[in-house]
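All values below were derived from every heavy atom in this structure, side-chain atoms included, with hydrogens, water molecules and symmetry-related copies excluded.
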Amino acid sequence: MTESIRQADIVIRGGMIIDGTGRPRFRGDVAVKNGRISAIGDLNAVRGKQEFSADGLAVAPGFIDAHAHSDTEFAWDSSGASKLYQGITTEISGNCGDSPFPAVPENKDEWQLDSFTDFLKAFSARHCSMAVNQALLVGHGTLRQAVIGSGSKAASPAELAEMKCLLRRDLQDGAWGLSLGLEYAPGCFADQQELNELGKIAAETDAIVTCHMRSEGLQIDSALEELKEIGRSSGAHVHASHLKLDHYTVHGRAPQVWAAIEDAHREGIRFTADMYPYTASATVLSIRCPRWSMDGGSEVLLGHLRGEKRKEIVEGIRRYYFNAQRAETCLFSGDGGLWPQIVGKTLRYVAESMLHTDDYAQAAAQVLLRTQAKAQCVFFVMSEQDMLYFLSRDICIGSDGYALPGDPERLRYNPHPRSYGAIAEFFRIAREKKLCSLEEAVRRVTGKPADIFSIRDRGRLAEGTAADITVFDPSSIAPRSTYLNPVQLAQGVHLVIVNGAVALQNGRQTEERAGRLLRRSVGKRQ
């Protein structure tokens, strides 16, 4: 031990150190100095300006949420409490094809900026702060909308060249990869060639291509093949976001889906995945509309619903909500501030008790009109058997959620509980179902996502790495958030350090906002 590390900013003593590699735990101390881990082991000779006992607790790298949508949440709430209380110190954001750059002409949001670099500059110039780190992807849907618009037209050679140029610029400047949202407009209008060509740009800097696949239900096989073809043709690392089987007719096929991923590995395709440990998904109600009806965006959809094509759209919706049982699987979680009475109610309730109809597809169309297509829903569409099978595989955990405050009065909607509990729920299930060892569970939310996204200095406890550290009780970490009462902070996390600053102490958040917008080291992969 050198003289320079005998004094530390922080020393965590006597914890069960689980370093994020999957190696066996060991008892020891961790020292932090100047925002980095300066020593690990028996540190009796080191004195810290702040010292914390971790006796009986696990000391792990800060958890990494592999799939988030927190992009600009810091602009209205810097606490990120929903994530911090789970021990999350870094989120992968800009997912499902949607990111705050490049600029889209019709989007007047002050945070929709020209480039990744402009976004980072604005964060600094506007004196913003946040509690946890973010690593942002470039959204393909945003990219396409910026160049082509919201319509369904195929990209011309010139438009594809412009998309490739913008993507290359942002990836070279440190964005973390390309995200696809192929179940949403306008990303759903892209063909295989467009996706392959953009994948080649990602491959130039060894960046990842994440994908909300075109189907997670009836067409899951072709959707997997489409993603594999991107990897096969471009050489890029491809990644399935929030892996699931979301249609009752394909429940029980999780082993076949995972076998398709293993087949990709045998082909030499780098193919990974994340998931959240819930049997309900969440997104906009308009996802149940036929794809053609979204050609041009929400305003076009609303025009169709007011016009002659309403019947066709309703029949498309009816594929999902053809009886009361199916309508019971749709729980409204947000209304865009336009019809608050539906929040917390099922489509069946809204149809029968508020609209006085048993035509659930027509009721859904009416909700879309009343909320200007802003209605958000929790969909109870997955099986526990499939969820547990995927969790038992080598998959990382992504919440598909947001960094939100802990005060329900600050939210005007009911978010899916995954924002407040995905990683905590994974630890609870792993513990109670004996899915894997504690060391493996920690690796799945630290070292594994760090490897997948090429985060070189986080995800492991090692000297010289960034001091993102989570101290938690393995026997009690769990969510408290529920579907009907989601704004409840997780339990079991005692101490969280973000970039060397104490962000949560004794289970309570501090005033520190030490999170950063991270830049990728281009061309280097761990």
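Residues satisfying the side chain to side chain contact (heavy atoms under 4.5 Å, CB included) test with Thr446, not counting sequence neighbours, are Pro61, Phe63, Val442.
In this model, a donor atom of one side chain and an acceptor atom of the other lie less than 3.5 Å apart for Arg418 and Tyr276. There is a side-chain donor-acceptor pair under 3.5 Å between His140 and Glu194. Side-chain atoms of Tyr248 and Thr329 include no donor-acceptor pair closer than 3.5 Å. In the model, Gln145 has a side-chain atom that pairs as donor or acceptor with a side-chain atom of Ser150 under 3.5 Å. No side-chain donor-acceptor contact under 3.5 Å links Ser333 and His416. Counted by atom type alone, Asn485 and Thr482 present zero donor-acceptor pairs between their side chains at under 3.5 Å. Remark: the Asp206 side chain and the His237 side chain contain no N/O donor-acceptor pair separated by less than 3.5 Å. Of the N and O atoms on the side chains of Ser70 and Glu73, not one donor lies less than 3.5 Å from an acceptor on the other residue. Defined by atom type and a distance below 3.5 Å, a donor-acceptor pair is missing between the side-chain atoms of Ser281 and Asp246.
Put simply, the side chain of Asp274 never gets that close to the backbone of Cys396: no donor and acceptor are under 3.5 Å apart. Judged by distance alone, with hydrogens and angles left aside, the side-chain atoms of Trp176 form a donor-acceptor pair with the main-chain N or O of Leu518 at under 3.5 Å. For Ser481 (side chain) and Pro486 (main-chain N/O), a donor-acceptor pair under 3.5 Å exists by modelled atom type. Within the 3.5 Å criterion, the main-chain N or O of Ala282 finds no donor-acceptor partner in the side chain of Gln376. A donor-acceptor pair is defined here as one N or O able to donate and one able to accept, closer than 3.5 Å; no such pair exists between the side chain of Gln366 and the backbone of Gln362. The main-chain N or O of Leu301 is never found under 3.5 Å from a side-chain atom of Ser293 such that the two would form a donor-acceptor pair. Although no hydrogens or angles enter the test, the distance criterion places no donor-acceptor pair under 3.5 Å between the side chain of Ser286 and the main chain of Ala373. No side-chain donor-acceptor contact under 3.5 Å links Arg516 to the backbone of Asn133. Between the side chain of Gln112 and the main chain of Ser99, a donor-acceptor pair closer than 3.5 Å is present. The backbone N or O of Tyr402 sits less than 3.5 Å from a side-chain atom of Ser82, completing a donor-acceptor pair.
No more than 12 heavy atoms of other residues, nucleotides or ligands shown are found within 6.0 angstrom of CD on Glu299. Counting heavy atoms of neighbouring residues, nucleotides and ligands inside a 6.0 Å radius, atom CD of Gln325 does not exceed 12 of them. Crowding of Glu384 atom CD: a count of heavy atoms from other residues, nucleotides or ligands under 6.0 Å not exceeding 12. For Lys433, the NZ atom counts as loosely surrounded, since its 6.0 Å shell holds 12 or fewer non-hydrogen atoms of other residues, nucleotides or ligands.
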Point to revise | Derivation and outcome, side chain to side chain contact (heavy atoms under 4.5 Å, CB included), residues His242 and His67 | key: CA-CA 8 Å; His242 43 62; His67 183 102; 3.5 Å; yes

Review point. Is there a side chain to side chain contact (heavy atoms under 4.5 Å, CB included) between Arg393 and Ile261 once you walk through the steps?
Key: CA-CA 11 Å; Arg393 305 297 98 180; Ile261 294 174; over 6 Å; no

Practice item. Output, in order, the C-alpha distance, side-chain angles, deciding distance and verdict of side chain to side chain contact (heavy atoms under 4.5 Å, CB included) for Ile230 and Leu180. Key: CA-CA 11 Å; Ile230 297 171; Leu180 308 177; 3.7 Å; yes

Practice item. Let me see the working for Asp221 and Arg253 under salt bridge (charged side-chain N to carboxylate O under 4.0 Å, His left out), right down to the final yes or no. Key: CA-CA 10 Å; Asp221 295 328; Arg253 294 197 65 236; 3.3 Å; yes

Practice item. In sequence, state the C-alpha distance, the side-chain angles, and the governing distance for Leu435 and Arg444, and then conclude on side chain to side chain contact (heavy atoms under 4.5 Å, CB included). Key: CA-CA 12 Å; Leu435 284 180; Arg444 299 256 297 275; over 6 Å; no

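With rounding to the nearest 0.5 angstrom, the OG atom of Ser233 is 4.0 Å from the CG atom of Asn196. If you take NZ on Lys309 and CH2 on Trp292, they are separated by 5.5 Å, rounding to the nearest 0.5 Å. If you take NE2 on His304 and CE on Met294, they are separated by 10.0 Å, rounding to the nearest 0.5 Å. Here NZ of Lys164 is found 7.0 Å from NZ of Lys200. Values are rounded to the nearest 0.5 Å. Note that the CD atom of Gln488 and the CZ atom of Arg480 stand 5.0 Å from one another [nearest 0.5 Å]. The distance from atom NE2 of His239 to atom CD1 of Ile92, rounded to the nearest 0.5 Å, is 9.0 Å.
Nearest heavy atoms, Thr117 versus Asp173: OG1-OD2, 3.2 Å. Of all the heavy atoms in Ala273 and Ile395, the pair that sits closest is O-CG1, 3.2 Å. The two residues Ile317 and Ala365 come nearest to each other via the heavy atoms CD1-N, 4.4 Å. The two atoms that bring Lys83 and Asp65 nearest to each other are NZ-OD2, 2.8 Å, heavy atoms only. Of all the heavy atoms in Phe427 and Ala441, the pair that sits closest is CE2-CB, 3.8 Å. Between Cys211 and Leu182, the shortest heavy-atom distance links the atoms SG-CD1, 3.8 Å.
With contacts defined as side-chain heavy-atom distances shorter than 4.5 Å, the pair Gln219/Arg214 does not qualify. In this structure, the side chains of Lys244 and Met213 stay at 4.5 Å or more apart for every pair of heavy atoms. In this structure, the side chains of Phe332 and Val350 come closer than 4.5 Å at one or more pairs of heavy atoms. Residues Leu391 and Met275 form a side-chain contact, since some pair of their non-hydrogen atoms from C-beta on lies under 4.5 Å apart. Looking at Leu84 and Ser79, their side chains never come closer than 4.5 Å, going by heavy atoms from C-beta outward. Between Phe271 and His265 the shortest side-chain heavy-atom distance falls below 4.5 Å. In this structure the side chain of Cys289 never reaches within 4.5 angstrom of the side chain of Leu305, judged on heavy atoms. In this structure the side chain of Gln86 never reaches within 4.5 angstrom of the side chain of Phe426, judged on heavy atoms.
Cation-pi geometry between Arg288 and Phe379 is satisfied (NZ or CZ under 6.0 Å from the ring centre, within 45° of the ring normal).
Under the side chain to side chain contact (heavy atoms under 4.5 Å, CB included) rule, Phe101 has a single partner from Thr142, Asp118, Leu136, which is Leu136. A side chain to side chain contact (heavy atoms under 4.5 Å, CB included) with Ile342 holds for exactly one of Leu347, Leu331, Asp335; it is Asp335.
For Phe74 and Phe123, the distance between ring centers is under 6.0 angstrom.
Salt bridge status for Arg169 with Asp114: absent, with no side-chain N to carboxylate O gap under 4.0 Å. Lys448 and Asp451 are not joined by a salt bridge, as no carboxylate oxygen comes within less than 4.0 angstrom of a charged side-chain nitrogen.
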